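So the structure is just underneath, and the comments pick up after that.
Chain letters run A, B, ... following the sequence lines, proteins first and then strands; every chain starts at 1. Being a predicted model, the structure only gives us computed values, none of them experimental. Quick note: numbers below take in every heavy atom, side chains included, and nothing from hydrogens, waters or symmetry partners.
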Amino acid sequence: MIGIHWFRFGLRMHDNPALLSAVNKCTSLLNVYILNPDVELNQDRVSDNRLWFLLDTLRCLDVKLREKGSQLHVCVGQPDHVITQLVKSTKATLLTYERQTEPHNVVRDEKVSSGMKEMGVQVDAVLGHTLFDPDKLLKLNGGSPSLAMKGFQTLVAKAGAPPKPQDAPADKLPPPPQLTLENSDELKLFKEVPELSDFKEHGYDIVNKTTSFKAGEDQAIETMEAFLAQKKRVATFEKPQTSPTSLEPDTTALSPYMSNGSLSCRLFYWGLMEAYKGRSHSQPPVSLEGQLLWREMAHLIGYSTPNFGRMEGNPVCRQIPWRTADDKDAKQMLDKWENGQIGFPAIDAVMNQLRTEGWMHHLARHLTACFLTRGDLWITWEAGRDVFEKYLLDADWHINNFSWHWLSCSAFFHQYFRCYSPVVFFKKTDPTGAYIRKHLPVLHKMPAKYIYEPWECPVANQQTAGCVLGKDYPKPPFNHSTVSKENMNKMKAAFDASKKAAAAAKEQKAGEPKAKKAKKN
DNA sequence: ATGACGTTGGAGCG
DNA sequence: CGCTCCAACGTCAT
C-alpha cells in the first residue's frame, strides 16, 4: 500500500501512533508537512521566532526520518489542494495524520477527508496529542466538559490511566514513493526543509530570529530528562511558588515542545510517574501532574465549547463591554502594550520577553493579561490572545483561549477584586529588578528603589541612570490604583448585567414550552 | 441556606 | 514571613 503521513502536530518519532499506523500498513510512504501561506507564513499571525522554531523542529524531524531511509517533504499551499495533488502524484490509497481538535483544524480536516473519500483514499486520524480521548471524556461526563478543576479531576479518575507512550519505529521506514510535481502558484515543494530566509517574500528573515530556545525532539527529550532527574524538585514542584522573574525558566519550559508535539505528553506523564515513585510529592492542581491536567482540561473545553475563540456566542464566556481596536485610544494602547512601550516596566519587560524569546513564565502572562483586560486597559481578551498566539513558541489554541478567559474573569475564574499590580507583583520575587534590567535594558541603571516606578525617580537621578522619563522611556499613561479601582466597578456592573441576563434567559426558557403549546393549540 | 473553597492579589500590621 | 482584612465573585458539599 502506498501512503501519505501528514505531519501537523506530533513532530516526533517517539510515541507517534499515527505514524506507526502508516508504517505498519504501507510498503511506500511519503512524509509531508504543509505550510499554509495564510496561516504559518502570515506575519500577522506567526512571528519570525515562531516560524523559525517550527522550521527547525521540522529540520530535526527530517534528520531522524533520513536516518530511517525516508525524509520529510515540506510543501507550501492550501492543505486540501496539496494533499489532493500528492495523492494523485503518488497514487496513494492511505492518508494518516494525528487528530487535531481546534475548530479551524477540525473544519480543515473534514474538508480534506471528504475529498479523500471521493478519491477512494482511506483516512486514519489517530489520537496522540492529549493524554485522553476527548470524546471518551465527554461521554464519561454526560456530554459536557468540566469547567472546574475539581470536577475535571473526578472525571479523569473515572477515565483511568492514560495510554503508555509507544516506541519510535524500530526498523527502516517504507521508502518514499515516486513524486512528480510541477511547482505552481498553488503548490510549492521543497527538496530540503526550508530556512526562515526562504520566506523573505512573506516578510520573514533569519536576522529577526532572536529566541534562544532550541528546537526538536532530541532537545525536548533532553530537557525533559534533565528536569525529571531532579527528583526533589519534581516531588516538591508547586506552580504558584515558582518565580516569574527568574532569568532562566523556573518551570520545565517544555511547553514549546509539547505544543507542536515534538514531545509527547504521554511520555512526560509516565516519566513523571516514574520520578514520583517511592516519594511523597505535591498534588494537582499545583503539582507537575496538575499542569498536565490543566492542559487536558483546556483542550477538552476548547474542543467542546462553541465559539470558544471569541466572546460573542460563547456559552461559557461572560459578556463584558470591552474596548476593541475600533476605539482609537484602545488601539494605541494595544500597540504600546504589544511593543513594550506602555510605561510600566514590569509589563514592558514581560512583553519584551514575549517578543524576543517567545516564552514567559505563567505568572508573567497573568500579570500582563490582567493588565490588558480587567486590570487596566479594559481591552478585549481576544486582542491579547492574538498577540500571544503570534509570538509564543508554545502557542496552543485551547490553552491560550482558556487562559485569557481566566485572566479576564470571563470564565473559570471570577474573583475580579483580586487584581495584579504592575508595580508590586514582581517585587515579591525580584526586589532589585534583575528581570526588568535584562528585558528592558533602558532601565539597566535605574536604582532598585525606582525600577518598578521610574516616574517617581528624581530627574537628576534619571539623568545619571541614562533614562529620562518621557524621552528614553515613556511615562505611564495613567495611575494604576485609580484605574484598576474604576475597572473593578465596571466588572461589578458587567457581572450584575450577566446575572440579570442569565435570569431572564432562564425565565424565558421556563416559559417556552407553554408558548409552544399555546401556538400548537 | 450556609459556609468552605478556589493553582498564583494587595495593603497593612506585627 | 505570616497574619488579617479588603469587599465580595461562583461552585460545590453539606
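- The side chain to side chain donor-acceptor pair (under 3.5 Å) test with A:Tyr391 singles out one residue from A:Glu357, A:Gln353, A:Glu338, and that residue is A:Glu338.
- Within residues 399-413 of chain A, no residue approaches DNA chain C, by heavy-atom distance under 4.0 Å.
- Between A:His361 and A:Trp359, the ring planes are perpendicular. Angles over 60° get that label, and only those under 30° would be called parallel.
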Does the pair A:Trp397 and A:Tyr303 meet the rule for a ring pair (Phe, Tyr, Trp, His ring centres under 6.0 Å), with working shown?
CA-CA 10 Å; A:Trp397 189 90; A:Tyr303 169 59; over 10 Å; no
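- Along DNA chain B, the stretch of nucleotides lying under 4.0 Å from any heavy atom of chain A spans, 5' to 3', B:dG6 to B:dA11.
- Base contact: A:Gln291 has a heavy atom under 4.0 Å from a base atom.
- For the contact set between residues 475-497 of chain A and DNA chain C, defined by any heavy atom under 4.0 Å, the members are A:Lys492, A:Phe495.
- Ion pairing of A:Arg365 with A:Asp394 is present here, as a side-chain N (NZ or NE/NH1/NH2) and a carboxylate O approach within less than 4.0 Å.
- Counting only Watson-Crick and G-U wobble pairs whose two distances sit under 3.5 Å, DNA chain B takes part in these stems of three or more pairs: B:1-6 with C:9-14, B:9-14 with C:1-6.
- Residues satisfying the side-chain contact (heavy atoms from CB on, under 4.5 Å) criterion with A:Asp218, sequence neighbours excluded, are A:Lys64.
- Taking the C1' atoms as reference points, B:dT7 lies 22 Å from C:dT4, given to the whole Å.
- We find that CZ of A:Arg318 is positioned 12 Å from C1' of C:dT11, with the value rounded to whole Å.
- A pairwise comparison of heavy atoms in A:Asn141 and A:Ser146 identifies ND2-N, 3.8 Å as the closest pair.
- Residue A:Phe417 is the one, among A:Phe417 and A:Gly151, whose nearest nucleotide of DNA chain C lies closer to the 5' end (criterion: closest heavy atom).
- Between A:Leu254 and A:Phe227, the closest side-chain pair of non-hydrogen atoms is not below 4.5 Å.
- Rounded to the nearest Å, the gap between the P atom of B:dG6 and that of C:dA8 is 22 Å.
- At a threshold of 4.5 Å between non-hydrogen side-chain atoms, the residues A:Ile436 and A:Met446 do not count as touching.
- Within the 6.0 Å centre-distance limit, the rings of A:Phe478 and A:Phe344 are counted as a close aromatic pair.
- In the model, A:Asn49 has no side-chain atom that pairs as donor or acceptor with a side-chain atom of A:Ser47 under 3.5 Å.
- As judged by a 4.0 angstrom heavy-atom cut-off over every strand, A:Arg365 is placed among residues making no nucleic acid contact.
- Distance, A:Lys499 NZ to C:dC9 C1': 7 Å, rounded to whole Å.
- By the 6.0 Å contact criterion, NZ on A:Lys427 is enclosed, its count of non-hydrogen atoms from other residues, nucleotides or ligands being greater than 12.
- For the pair A:Ile320 CD1 and C:dG10 P, the interatomic distance rounds to 12 Å; values are reported in whole Å.
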For residues 367-386 of chain A, run the donor-acceptor check on the side chains, cut-off 3.5 Å, and write out each pair with its distance to 0.1 Å, sequence neighbours left out.
from     : atom 1 : to       : atom 2 : distance (Å)
A:Thr368 : OG1    : A:Trp337 : NE1    : 2.8
A:Thr373 : OG1    : A:Ala369 : O      : 2.8
A:Arg374 : NE     : A:Leu407 : O      : 2.7
A:Arg374 : NH1    : A:Tyr416 : O      : 3.3
A:Arg374 : NH1    : A:Arg418 : O      : 2.7
A:Arg374 : NH2    : A:Arg418 : O      : 3.2
A:Asp376 : OD1    : A:His480 : ND1    : 3.2
A:Asp376 : OD2    : A:His480 : ND1    : 2.6
A:Trp378 : NE1    : A:Pro321 : O      : 2.9
A:Thr380 : OG1    : A:Glu382 : N      : 3.1
A:Glu382 : OE2    : A:Met311 : N      : 2.8
A:Arg385 : NH1    : A:Gly309 : O      : 2.7
A:Arg385 : NH1    : A:Asn401 : OD1    : 2.6
A:Arg385 : NH2    : A:Gly309 : O      : 3.4

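- Nucleic acid contact class of A:Lys428 (heavy atoms, under 4.0 Å, all strands): sugar-phosphate only.
- Ring-plane geometry between A:Phe53 and A:Phe213 is classed as perpendicular, the angle between the planes exceeding 60 degrees on a 0 to 90 degree scale with a lower cut at 30.
- Exactly one residue among A:His405, A:His104, A:His299 makes a ring-ring contact (aromatic ring centres under 6.0 Å, His included) with A:Phe308. That residue is A:His405.
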